[in-house]
Amino acid sequence: MTKELKALWVLWQTENVDGELAQFKKTLGIVKTSEFLLGYSQGPTEINSDFSKLSRVFSDSLYLSSLQEIQNFVSSSDTLAIKLLKPGVQDPQIVSLKTLMGEVSESTFVRIQVLELNTIPKDESLIRNLRLVWCEPAIETLEILQTAHFGDYFKNPKKLNRPADNSAQVDLTPQNLDLEFSHEEINAISQFEQRRGSTLTRTEWEVLAQSWSEHCKHKIFGAKIIGADLPGGQIDGLFKQFIRKPSWDQIEKDQQAGKARALSVFVDNAGVLRLFASDGTPTPWAYCLKMETHNSPSALSPRGGAATGLVGVHRDILGTGRLARPIANWDVLCFESSEHCEPRPPTALSPKIIRSGVLRGIEEGGNQSGIPTVMGSVVFDPRFSVKPYVFAGSVGLLPLEHVNKRPQPGMKLFVVGGATGADGLRGAVMSSRDLRTEDFVGSAVQVAQPFVQRRMTDFLLAAATMDLIDVITDNGAGGLSSSVGEMATLTGGATIDLSNLRLKFEGLHGWEKLLSESQERMTLATARPEELKKLAGEWAQDFDEIGELNSSGNLLVSEGGKILVNLNLRFLHEGCPRLNLQTDWDFQKEKNSLNALAPRGNQNLQGSFEEKFVEFLKTETLCSREGVARRFDHEVGGRNLKKFFCGTHQNSPTDGALIEIPESPQPAAISLGHGLAPQYSNIFQNTVHSFDEALRTLVLSGGDMGTAGLLDNYAWPDPTHHDQRIWRLAKSVECVSILAQEFEIPFVSGKDSLKNNSKEFFCPETVVVSVGASVKSLGALPVSHFSQSNDVVFCLPPLMPTLFESAWHREGGISQNKFDSNPWNEFCAPSVVIEKQLRALAQRLKLRYQKISNVLQNGLVKAAKDISDGGLAVSIFEMGLGEKLGFFWEKNFEELSEKEIFSEGLGGFVLCVDPHCVSNLVTELGPEILRLGVVMRPFEWRWGRSAHFMNLENSKKAYLQKTVEGFWQ
Amino acid sequence: MTLNRAFVFRGEGIECEEELFRALCHFKHKEFSRIDFWNLPAFRKNSKSFYEVLNPGDWVFLPGGFSFSDHFGSGRLLADLLNQTDFAQNLLAKKAHALGICNGFQTLVSLGVFGSGVQLLSNSPRGFVDKWVGLKTVGPNEIEEKFRFAVRHGEGRLVGLSKLDSLSKVFLKYDDEIFTNGSEEAAAGVVKIFENGSHVWGLMPHPEVAMRKRDDPAFRGPQFNLKSQNEVWAEPGDGLRFFEKLFTKTKGNS
């Protein structure tokens, strides 16, 4: 018997139409906005127990009567615009309600938002705009309904129409199943089928498509690349040759020196490093680092895509060792500029919709998980119209003795957390293709449920404390197929049965259950299943017992006696043929291409220095990120020792992150840094700047380079059929590898997303380098703002300084034809020459960072900041904001060239010291440092002997303008 | 002097339990004989066993977070859960004390502890904000004392103060122009003292993460020749002073 609409609660109702809807108030004639909860049940209309429980919470306005009366009650207007989740999408709010109610309820609840309109909207484009602004198109629908039809429309709960399983009818070919395999892959599969003596089943095709997708297999980073201008004429896999090999070498060197720092690299879900205390002694704790991208989902469903990206990386942390606890996030967000315009894909959502959706997703995902966002970047470029880049990183903490998984045949397999649905199906396949909107709708994008995940995390932490978890991994791309598939390799086999899996709704086919990427689920193996089940009872945590690990050599999946998958593990994981790539590009062609580059800047700042500077600070590139950062709870957990903004006024931005580990017996903290520089066209400048910024910010946060570990996250437009792009990717990876070798820091994890293009549009080539390290001398570390007048300020000028494509250049501070050529173009040289140059540069930088680390750890410096976007001028300006302090430039204004104050380079710092410490600092840092001036009380800049001065109130106002005006909302 | 016990609720979307627990550890053997977590999922199934354990003078702490994701209004679903177990009545009957911080305060307000017309509305301007603010204590015969703590909430504008019941009063106000805007009397915290001496405290800002000077973003970094590194690291902050005062006040009035 079907359920019928029996009850309606008014959750809220208002005649104020504000926020995103304000723009539609007049045009659509919105008179009232409401949110209703609809209750469906079987049988007679008297109040059932579910309804009476709900009426407790929403006592105000239960309405319970005939359909006709409900309809009359809903609205007196004729027309309604109604937003509701698509069938099959689980509503997190209903999940919360049901958790509160505690037991399985017989009723179905649906939440809808209703706009009462006083006219019937005729203008289709208006409705389309409303849908774009108000709805998440991938998961929500908008219905325009006559009030008279409300009762009919909502009479029964909407069911998801599941297509029938047609695998018995069709020929099981990749084409019929809409799966993509290369010619070589199809050959490998045929050979496997011949060896096995039977053809692949429907589910097996799906499993292989997921496991062998670019997303899961990283085929491009594993490919052999042939090219005359590559080192040695060919690269034996970017990952193997440039990332893994040097990291393994470094780890071996550490071990020989008796200072092992990396405990697990490239094998687990995150890279694990040893935690050392502030006094340098080892602690019984380890921490792990991981960063993921969620670009395609965020392009289509910005809020859901970003939120699932963030809570998804938390599960990578949970799945590290025998459970690590996520303790902090960092986010790198790259958005389409709305100030610099270039041609954009016609189907792309507007920059404002993407920006506000992504920020909202990150806010909800982080805040509702109780995991602080401690560091981040927001970058603008017109080319991010294709997709925004959403990099979500997370740090986890785990006891040393939980670093290694403990697999044994016979261990029982459990899925804990949320139920399984059709969400996220084929996500890995999709994200390995070009962006095609139609593929995603309703399946690949999901609603994040941080609450469900938080509950699961609470339970898992309790289980780990009791040592009940032997193996654990997340259900990411590929769902159970990949989590069980991976765990099976540890013992050499696994058997699972899908028939007992809790489902979000009925009618899921076997292959869908296996491949579902429903969020908020973890798979674990335990030797003590009964204790685990008892603990789950205490935490009211749902789970499925699905099977066990064995040593059969196969992954065996059945559903109620029917075998869906019986795949040899070796074939599943190693059977995918290696990709071969080649490139004819070389340094000479690259040099010509760079020289022919048209400058990107498309505006010119006008007027006096002050007028130009004020306009400069208003730009997307330079303006304050307060409007973003304050939306993220960055202090939950009580570990954040470096808030986003410091000073009494909390306006001075800080660099890097400092995360306390109070669990450690001695004071201890983790420092983080990260960098990216997609704005630079020169790939060497782009890569070295990314690396350098990461290290610069790490050192500023007290990170000890000798304990550090690196992450590389590549986001690139598809390089496979593009000579130049594959050459640039190879050069970039080689470059970052050489720097890491010279700095003697291993990579511990990384990820790549290499399909960031759509037709003729391409996202910028980007590498995000992140680095984490244990902190030395916690009590000595500087802050990031000036705090006292008469303190003396020095600068360590950047190496390789240039105005070319600097923020000052791009935002029109200098006229387009008035800059020097880019010194980085000299790096377009034969491989051996580049390597030599890079190693020399890395050595100079490393020496500089060691010196800076020393002076910081001695407590010599009160405040320090790096010289980054906008150059020295912006750093000095930002340091004064926290206490509204001014600055006396000892050089005359006329003597300070634009190049000195606005150029961007490597390893530049501003250091502020007590007047008593000046000579100490000079002795420690030597002749490289320059004395700039002194901090002074009035909030203005003065220059040397000339009577030049500039009040800073206008600049401050300009800097905060976007935050005040709600640009970040 | 006999010491009482402290129970910190956790689970169901509570987030700030660990830092509150650590902050309370400063008062172990001074105020509390034991400090324990109490799991909400288990409490939901069997609240009786919790209330049975409670003794006069014990403290129940409701930390910040997003209980039940704060869907349908901040603290509303958790308040319903507590209400079903007669939280306020049990607390009163046991002469125990409670402190709710942020979401914990929202829960107490939603529960109607301080009067049924008292409400916490959306910030003005709307939206979640994480920022340190100045605060001051208020009240008759009260020497004004100042603190600086972080606020981290989206619904923290306390209104309906005229409807506070006769046992409840505002004890903490914002002392910061940004946060006095748009909020009625700029109240940040309320206390209710029952006739039998049982105290219920609630406040929006977070004292538990201000236990050291260096936790404040206004911290000035290492100062020349003033203190050793260890002293700089551990210098006590406003949070410690706040809890000391709170516990003293509660004892004084009971």
Side-chain angles (χ1 to χ4, degrees), chain A residues 11 19 56-58 92-93 96-97 99-100 102 278 363 367-370 449-451 454-455 458 538-541 629-639 641 643 645-648 650 662 667 777-783 787-788 859-863 882-883 913-914 916-917 966 969, chain B residues 10-16 18-20 22-23 39 41-42 44-45 64-66 68-73 76-81 83-84 125-132 148 150 152 154 206 208-209 211 214-225 227-234:
Chain A
L11 300 176
R56 218 165 58 200
V57 187
F58 311 114
Q93 303 212 12
S96 290
L97 259 193
T99 308
L100 175 74
S278 170
E363 177 187 332
N367 291 3
Q368 294 179 20
S369 300
Q449 302 198 25
F451 170 64
R454 175 78 197 194
R455 287 189 93 244
D458 287 342
E538 285 169 25
W539 284 89
Q541 177 63 52
R630 298 218 180 281
R631 294 175 63 178
F632 306 154
D633 190 336
H634 44 274
E635 302 179 60
V636 57
R639 301 170 182 276
L641 295 174
K643 278 69 173 177
F645 299 94
C646 59
T648 310
Q650 299 165 72
S777 310
L778 265 175
L781 299 179
V783 293
S787 60
Q788 208 165 357
L860 212 52
V861 179
K862 277 168 107 171
E883 301 290 346
V913 296
D914 189 282
H916 294 95
C917 299
Q969 291 303 307
Chain B
R10 72 171 173 193
E12 306 294 11
I14 286 177
E15 295 170 354
C16 305
E18 300 235 331
E19 54 267 43
L20 181 56
R22 286 199 298 271
N39 297 346
R44 196 177 72 206
K45 282 190 188 159
F66 282 78
F68 296 98
S69 272
D70 272 355
H71 289 148
F72 308 105
R76 195 163 171 189
L77 297 189
L78 180 54
D80 179 65
L81 171 60
N83 199 21
Q84 291 312 298
R126 288 172 83 91
F128 185 93
V129 65
D130 178 337
K131 190 167 192 179
W132 284 61
R148 256 174 73 91
R152 290 153 29 198
H206 289 266
E208 77 277 17
V209 288
M211 301 301 278
R214 67 108 47 243
D215 292 326
D216 190 327
F219 174 68
R220 290 168 159 225
Q223 301 295 311
F224 172 69
N225 266 357
K227 294 187 184 80
S228 78
Q229 285 189 19
N230 287 344
E231 276 175 287
V232 173
W233 170 245

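First the proteins, then the strands, lettered A, B, ... as listed; each starts at 1.
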Rounded to the nearest 0.5 Å, how far apart are [atom1] of [X] and [atom2] of [Y]?
| X | Y | atom1 | atom2 | result |
| --- | --- | --- | --- | --- |
| B:L81 | A:T99 | CG | OG1 | 11.5 Å |
| B:F66 | A:Q368 | CZ | CD | 6.0 Å |
| B:L77 | A:Q93 | CG | CD | 9.0 Å |
| A:D458 | B:I14 | CG | CD1 | 9.0 Å |

Taking side chain as C-beta onward, heavy atoms only, is [X] less than 4.5 Å from [Y]?
| X | Y | result |
| --- | --- | --- |
| A:F632 | B:D130 | no |
| B:D216 | A:K643 | no |
| B:E12 | A:F451 | yes |
| B:W233 | A:P667 | yes |
| B:H71 | A:L97 | no |

Among B:L20, B:N39, B:V209, single out the residue with the greatest number of heavy-atom pairs under 4.5 Å to chain A.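 Highest number of heavy-atom pairs under 4.5 Å: B:N39.
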Considering only heavy atoms and a distance below 4.5 Å, find which of B:R126, B:E19, B:E208, B:M211 pairs most often with chain A.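 Between B:R126, B:E19, B:E208, B:M211, the count favours B:E19.
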Heavy-atom pairs under 4.5 Å with chain B - which of [options] has more of them than the others?
| options | result |
| --- | --- |
| A:G859, A:G637, A:P782 | A:G637 |
| A:G966, A:S787, A:C646 | A:S787 |
| A:P662, A:G882, A:A863 | A:P662 |
| A:N367, A:T648, A:L860 | A:N367 |

[X] side chain to [Y] main-chain N or O, any donor-acceptor pair under 3.5 Å?
| X | Y | result |
| --- | --- | --- |
| B:R76 | A:V57 | yes |
| A:R455 | B:P41 | no |
| A:S96 | B:F68 | yes |
| B:R214 | A:L641 | yes |

Is it the side chain or the backbone of [X] that comes within 4.5 Å of chain B heavy atoms, both, or neither?
| X | answer |
| --- | --- |
| A:Q650 | side chain |
| A:Q449 | neither |
| A:R454 | side chain |
| A:L781 | backbone |
| A:A780 | both |
| A:V861 | backbone |
| A:S369 | backbone |

For B:R220, is it the side chain, the backbone, both or neither that has a heavy atom under 4.5 Å from a heavy atom of chain A?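 Both parts, backbone and side chain.
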Per-residue contact mode, B:Q84 against chain A (heavy atom under 4.5 angstrom):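 Answer is side chain: those atoms of B:Q84 sit under 4.5 Å from chain A.
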Where do [X] and [Y] come nearest, in terms of heavy atoms and distance?
| X | Y | value |
| --- | --- | --- |
| B:R148 | A:G647 | NH2-O, 4.5 Å |
| A:E635 | B:A150 | OE2-CB, 3.6 Å |
| B:F128 | A:E363 | CB-OE2, 3.5 Å |
| A:G638 | B:R22 | O-NH2, 3.7 Å |

Basic-acidic side-chain contact under 4.0 Å: A:D633, B:R152: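 Salt bridge: yes.
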